[in-house]
Amino acid sequence: MFDAFFRALGRSRETRETESHSDDVRTDGGVADPAMAGEAEASSSSVLDSEFVQSLPFWGPPALLVGLFVYGAVAWNVLISLTDWSGLGQPEYENFDLSVYSQMLNDLLDPTSNFFVATRNTVALLVAFTVITLLLGLLLAILVDQGVRFENTFRTIYLLPMSLSFVVTAIFWSWMYNPSIGLINETLRTVGLGAFTQAWLSNPQFKLGAVIFALMWQFSGYAMIVYLAGLQAIPNEQYEAARTDGASTFRMYRRVVVPQLRSSTTSAAVVLMVFALKAFDFLFVMFGPNPGPSTDILSVMMFREAFMSTNWAYGSGIATVLFLMALGVIAPYLYRQYQRGEL
Amino acid sequence: MKENYLQGVKSAAKGGTENFVSVPINIHRLNNLFYNKEVVESAGVDPTNIGDPSALMDAMDTVAQETDAVPMAHQTQSPWSTVQLWETVLIGEQGVGAFETFTSGDVAGVESAVKSALKRVKEYSEHYPEDAGSISWDQGNSMIVNGEAAFIHQGDWAAGQYKAADSFEYDSAWGNVAFPGTEGIYSLVMDSFVFPKNNPSPDATTKFLTYCGTKDAQKRFNTKKGSIPPRTDVSMDEFGPFLQAQSEDFANSNQQPATIAHGTAVRPEIKSNIEGAFASFLESYNVNKTYDELVTAFDV
């Protein structure tokens with residue numbers, strides 16, 4: 001069976017070789033050397049000469065490693081979620097059932113359950129964080145793209161937060177949000193808005209919002225860079241044409257520029273949404289394994305169930321749900337790229 | 001080796017089984033009330049005279065009226081400090097018996113005790129720092145060092161920070177008492193080495209655990225860690241005055257309960273559920289709702 005496969009691979013190369021031979025032109029624009037082509041044809045029946053085997057050393061080892069440590073681990077995680085492993089000790093791979101998932105479905109119907117609350121907060125975080133970060137990133141990109149002086153400096157300043165670790169930013173923001181000495185409340189008091197000061201991280205009304213704001217601060221620079229690349233790919237003539245036609249600045253951006261940024265938006269949104277699903281470290285550093293019902297998200301709950309409560313199977317179940325959600329974000333994107341032949 | 005351990009330590013080392021499964025290497029006390037002497041004196045409060053958790057509330061009221069200091073340097077950014085405060089208040093108000101009824105899972109049997117301790121903690125929350133929700137426990141503790149706060153409830157690991165601070169000396173600048181209502185009780189926060197069931201090298205484990213049980217090991221470990229040896233026959237000469245006093249309290253204690261917040265009184269899953277209940281207590285301070293969550297914390 002494998003022989004047939006390799007022969008098929010070899011043959012496909014052979015056909016391509018003959019095709020290019022018949023045109024006498026190679027894809028790189030040069031003229032094919034008939035002697036070389038003949039040589040390739042002569043030995044192409046050998047398995048060892050097929051492109052598949054020859055390229056194996058390049059993609060084989062990484063594919064094996066990624067397959068084992070990424071996809072293998074994902075599969076193992078799914079397997080664990082089908083057991084009823086909890087407590088200390090080893091899992092028993094004997095009776096597999098979906099009890100973890102049926103428990104989750106039950107929990108979803110109960111608005112006071114941890115799983116419901118964490119799912120609700122995860123979705124809220126995902127949507128609010130992605131939308132706000134994209135909007136802010138777009139705004140920054142448009143401003144930086146105006147040909148202002150020190151454009152590169154601004155770009156660096158906005159992008160720098162991205163390079164900080166979440167452990168750093170979580171501690172930094174818990175200082176910023178400190179109600180008595182934090183910069184946020186101090187600023188509000190200084191400008192005479194003392195009435196708006198809050199205990200941002202203790203008041204359940206503002207807790208999740210405060211987290212979203214901090215994450216937005218960290219990621220808007222990334223969105224800006226993606227949009228900036230998109231903006232700079234738009235030819236200047238289009239701006240000039242819009243101006244000549246008498247379009248206002250707002251109208252020009254709305255009708256001409258922003259519609260052309262669709263692919264930037266999609267790729268930035270995918271990255272941001274996948275990040276939002278795994279925003280574990282920031283919350284964990286800020287609040288520990290129990291952020292409270294107003295801010296609990298699935299990734300923190302996953303850690304808590306597995307490593308604090310030793311409900312390994314339930315924790316794996318949450319991990320699988322997160323994996324499926326991430327897949328739900330990435331798969332449509334990849335599929336569209338594939339359809340457009342960009343993959 | 002066995003005769004030199006107190007009853008509470010021995011039962012904790014059995015981990016709910018018939019046999020000893022671990023060797024304790026150190027003991028921290030959980031039920032301490034630390035205070036800044038200057039602050040309590042300027043408020044006119046005598047910490048050694050506070051008889052129970054309700055009197056502590058009165059003392060903190062006085063501190064709030066008489067000084068600018070924060071009465072209790074408690075943190076609420078993560079729930080564990082409040083779990084340990086609540087369990088200590090429960091013991092202080094109702095005794096170890098009620099606490100052990102609770103940890104055995106019979107929450108309904110001590111409903112009024114549980115609720116009363118929750119209400120007390122809710123009362124205390126008026127006296128937390130304004131930024132309690134944004135600080136860690138050691139940031140709260142440094143308020144004691146800086147004279148910005150009067151009291152803190154913490155395990156005796158908090159004393160390490162006092163020792164590290166410049167010119168902040170035991171007995172002159174800071175002091176401690178057993179948390180009001182818990183005199184004669186030494187709540188155990190222990191680190192232990194276990195004898196695992198799946199063990200490729202049982203002989204080496206036995207050898208190591210035997211060493212952990214020696215006076216030499218316990219002295220070496222605890223002088224560095226700032227805790228007291230679980231054995232009551234280790235010489236305390238090298239330990240400094242604070243730990244000597246703690247050790248004396250330990251040797252004279254009648255009861256040595258385990259703790260929920262530090263994982264020795266209940267199974268990990270229950271502990272995590274209880275922490276979850278307190279995470280929502282800190283958001284709502286709803287006593288009845290938290291009581292219900294504490295009841296369901298044991299449904300595992």
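Residue numbers start from 1 in every chain, and the chains themselves are labelled A, B, ... in the order their sequence lines are given, proteins ahead of strands.
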| field | Which atoms of Gln139(B) approach chain A - backbone, side chain, both or neither, heavy atom under 4.5 Å | value |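 Just its side chain gets close to chain A.
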| Counting N and O atoms only, with roles assigned by atom type, does the side chain of Gln77(B) sit under 3.5 Å from a partner on the main chain of Met286(A), one being a donor and the other an acceptor? |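 A pair under 3.5 Å: yes.
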| query | Glu283(B) side chain to Ser202(A) main-chain N or O, any donor-acceptor pair under 3.5 Å? | reply |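 Flag not set: sc Glu283(B) to bb Ser202(A) has no pair under 3.5 Å.
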| query | Do any of residues 93-118 of chain A come closer than 4.5 Å to chain B, heavy atom to heavy atom, and if so which ones, in number order? | reply |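 Checking residues 93-118 of chain A against chain B gives no residue, so none.
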| request: Answer with side chain, backbone, both or neither: which region of Trp200(A) has an atom nearer than 4.5 Å to a non-hydrogen atom of chain B? | output: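 When you check distances to chain B, no heavy atom of Trp200(A) falls under 4.5 Å.
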Which atom of [X] lies closest to which atom of [Y], heavy atoms considered:
| X | Y | value |
| --- | --- | --- |
| Gly133(B) | Leu201(A) | O-CB, 3.9 Å |
| Ser134(B) | Ser174(A) | CB-O, 3.7 Å |
| Asn290(A) | Ala279(B) | O-CB, 3.7 Å |

So, taking the atom named [atom1] in [X] and the one named [atom2] in [Y], what distance separates them when rounded to the nearest 0.5 Å?
| X | Y | atom1 | atom2 | result |
| --- | --- | --- | --- | --- |
| Glu305(A) | Glu269(B) | CD | CD | 6.5 Å |
| Met308(A) | Asn273(B) | CE | CG | 11.5 Å |
| Glu130(B) | Asn178(A) | CD | CG | 8.0 Å |

| request: Check whether any side-chain heavy atom of Ser309(A) lies under 4.5 Å from a side-chain heavy atom of Pro268(B), and answer yes or no. | output: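 They are not in contact (no side-chain heavy atoms under 4.5 Å apart), so the answer is no.
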